[in-house]
Amino acid sequence: MALRLIAKGAEADLWLDPDWNGRRAVIKRRVEKRYRHREIDRELRRLRTLREAEIIHRAKRAGVPTPVIYQVDPEEATMVMEHIEGRRLRDVVAELSPEERLRIFRMAGLQAGRLHRAGIIHGDLTTSNMILTPNRLVFVDFGLAELSTEEEKRGVDLHLMRRMLQSTHFQYAGELLKAFLEGYREEMGEEADGVFRRMEEIARRGRYVER
Amino acid sequence: MAEPLICLGIESTADNLGVGVATSEGEILANVVSVHVPETGGIHPREAARHHSAVMGEVIAEALEKANIIAGDIDVIAFSQGPGMGPCLRTGATAARAIAHRLGVPLVGVNHCVAHIEIGRLTTGAEDPLTLYVSGGNTIVSGFEGGRYRVFGETLDIAVGNMLDVFAREASLPYPGGPAVEELARGGRRLIRLPYVVKGMDLSFSGLLTAAIRELKSRRWSLEDLCHSLQEHAFAMLGEITERALAHTEKGELLLTGGVAANMRLRSIIRSIAEEHGAEPHYVPKQYATDNGAMISWTGLLAYRSGSTTPLEESYINPKWRLDEVEIPWR
């Protein structure tokens, strides 16, 4: 059966294979970027493919729903994984009831906390990278993820989420961030407070006048 | 038909003092810039401010002469209120207040980053672009959504232009650093691996700068190869976040603005990304790429025409004024 292009991201193309060895699978292929130097391009695609597969596995072990990985090919910068039946959180935010919205963002925060606790930095925490299914919130796209327990990196992770809320879900940014951070703190406990302080500090850093 | 309104704008966020004259029909009548070149090191805010106040009178006179108007023709005075270096901003703001008061015309405080985007839209004809704004003080990917220029990505530490300038200075290259690095990079062949730091749609240049300076001091590489590698890494990072934001916002136009927009390698990257995503690439013309007064006068007019002025008591400068804090009623 024919492959169908389901998403053309900035970094990778996602193909749906309805019958990959009898399964519905997503094939993620990091495409060549002609605008960047060949060596940089090759190295980035190879490393990110490998690292993504590795970290998805670790996230699952930490109790964060992620797709099952079927196959990894670093040289071709290709990964085959389970197809998640659901919708991107980004697209459903406006349709959810206010209570449901808060519940889900709390859950998102809780799962982000689980990642951090397991030493994983997602690197691209956005509502486009969370898929809502009837009973789970699945984190996808660990393409920019890394292993670290540094407070600075955790802070950046949360900062990115906040920035995403402010740019894309600006109507509800305040309440959604609050719910997200509450969930995060529930998982991380007191350690969360340091990360929150770091997040504020990152937002305050002079990005205009430092020369 | 009513006469077009005329606005004189003063730009003084950093090392450039710019005075521009624009009309409400989008005509730029004058755009005079005086650059403060530090004797050693980077920009010293107080030294730059001293330069600005020393040349303020003559730069304004020259702008009026170029525009072929007299002070009495001015309907609005605009100034860059932030973000930028405090002492520099204060110099421009003080002059703007004095002139507005003397002429009895309204004062409009303009956000410097908004002005870079608006002059880009005016001079390239782009209507609703995703904008990559790159300069010595700023590195921002932004697009208009819900009444404001939202920031989709930005640097977490230093600006790309700052990074190039500091590297150039360490390598004893002539001022300004960006063009010197670009020139040398053309002769580079080998790629030296340097840190590549992208976090979501944000990026960081401080690690890249540190590593590049370390490689420079190791004397293992030719300066051409180092400049080439520095540009390739920095611009690949800019390309990546721009592409991510373009895919995310699905805008049909891509605008490159700010001082680093003059770099031809960066332009070719922007063109390639735009092509890939079916967007139209636009590059702000060179005289409006670096900090200039024309962009302030034009943006001041946009604000004034939508009913926004800055009362004297609210005209204090704001060195940390973020782009996404500004309401944009004219769009």
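Order of the sequence lines sets the chain letters (A, B, ...), proteins ahead of strands, with each chain counted from 1. Quick caveat, the model's predicted, so the values are computed rather than measured.
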*Side chain from CB out, backbone as N, CA, C, O: work out which of these in Gln166(A) comes under 4.5 Å of a heavy atom of chain B, or both, or neither.*
backbone
*Please test His248(B) against Thr168(A) for side-chain hydrogen bond (donor to acceptor under 3.5 Å, both in side chains), starting from the C-alpha separation and ending with a verdict.*
CA-CA 10 Å; His248(B) 176 80; Thr168(A) 304; 3.1 Å; yes
_Heavy-atom pairs under 4.5 Å with chain A, option from Glu145(B), Glu232(B), Glu240(B) with the top count_ = Glu240(B)
*asked:* Looking at Arg197(A), I want to see if its CZ is surrounded by more than 12 non-hydrogen atoms of other residues, nucleotides or ligands under 6.0 Å.
replied: no
*Of the backbone (N, CA, C, O) and the side chain (C-beta and beyond), which part of His228(B) lies under 4.5 Å from a heavy atom of chain A, both, or neither?*
side chain
*Which of residues 31-44 of chain A get closer than 4.5 angstrom to chain B, counting heavy atoms alone?*
Lys33(A), Arg34(A), Tyr35(A), Arg36(A), His37(A), Glu39(A), Ile40(A), Glu43(A), Leu44(A)
*Check whether more than 12 heavy atoms from other residues, nucleotides or ligands sit under 6.0 Å from atom CZ of Arg190(B), and answer yes or no.*
no
_Side chains of Val198(B) and Glu11(A) in contact at under 4.5 Å (non-hydrogen atoms)_ = no
*Examine whether an atom of Arg193(B) lies under 4.5 Å from a heavy atom of chain A, and if so say whether it belongs to the side chain, the backbone or both; otherwise answer neither.*
side chain
*In terms of heavy-atom contacts, does CZ of Arg58(A) have more than 12 from other residues, nucleotides or ligands at under 6.0 Å?*
no
*Can the positive tip of Arg150(B) be found less than 6.0 Å from the middle of the six-membered ring of Phe170(A), inside 45° of the ring normal?*
yes
*Spell out the residues in residues 109-133 of chain A that have some non-hydrogen atom less than 4.5 Å away from a non-hydrogen atom of chain B, in order of number; otherwise answer 'none'.*
Gly123(A), Asp124(A), Ser128(A)
*Which atoms of Arg271(B) approach chain A - backbone, side chain, both or neither, heavy atom under 4.5 Å*: neither
*Could you look at Ala247(B) and say if it's the side chain, the backbone, both or neither that has a heavy atom under 4.5 Å from chain A?*
side chain
*Pair Glu152(A) + Lys199(B), salt bridge at N-O below 4.0 Å*: no
*asked:* Quick check: do Leu156(B) and Ile202(A) have side-chain heavy atoms less than 4.5 Å from each other?
replied: yes
*Going by heavy atoms in the side chains, are Leu160(A) and Met201(B) under 4.5 Å from each other?*
no
*Let me know if Phe152(B) has heavy atoms under 4.5 Å from chain A in its side chain, its backbone, both or neither.*
both
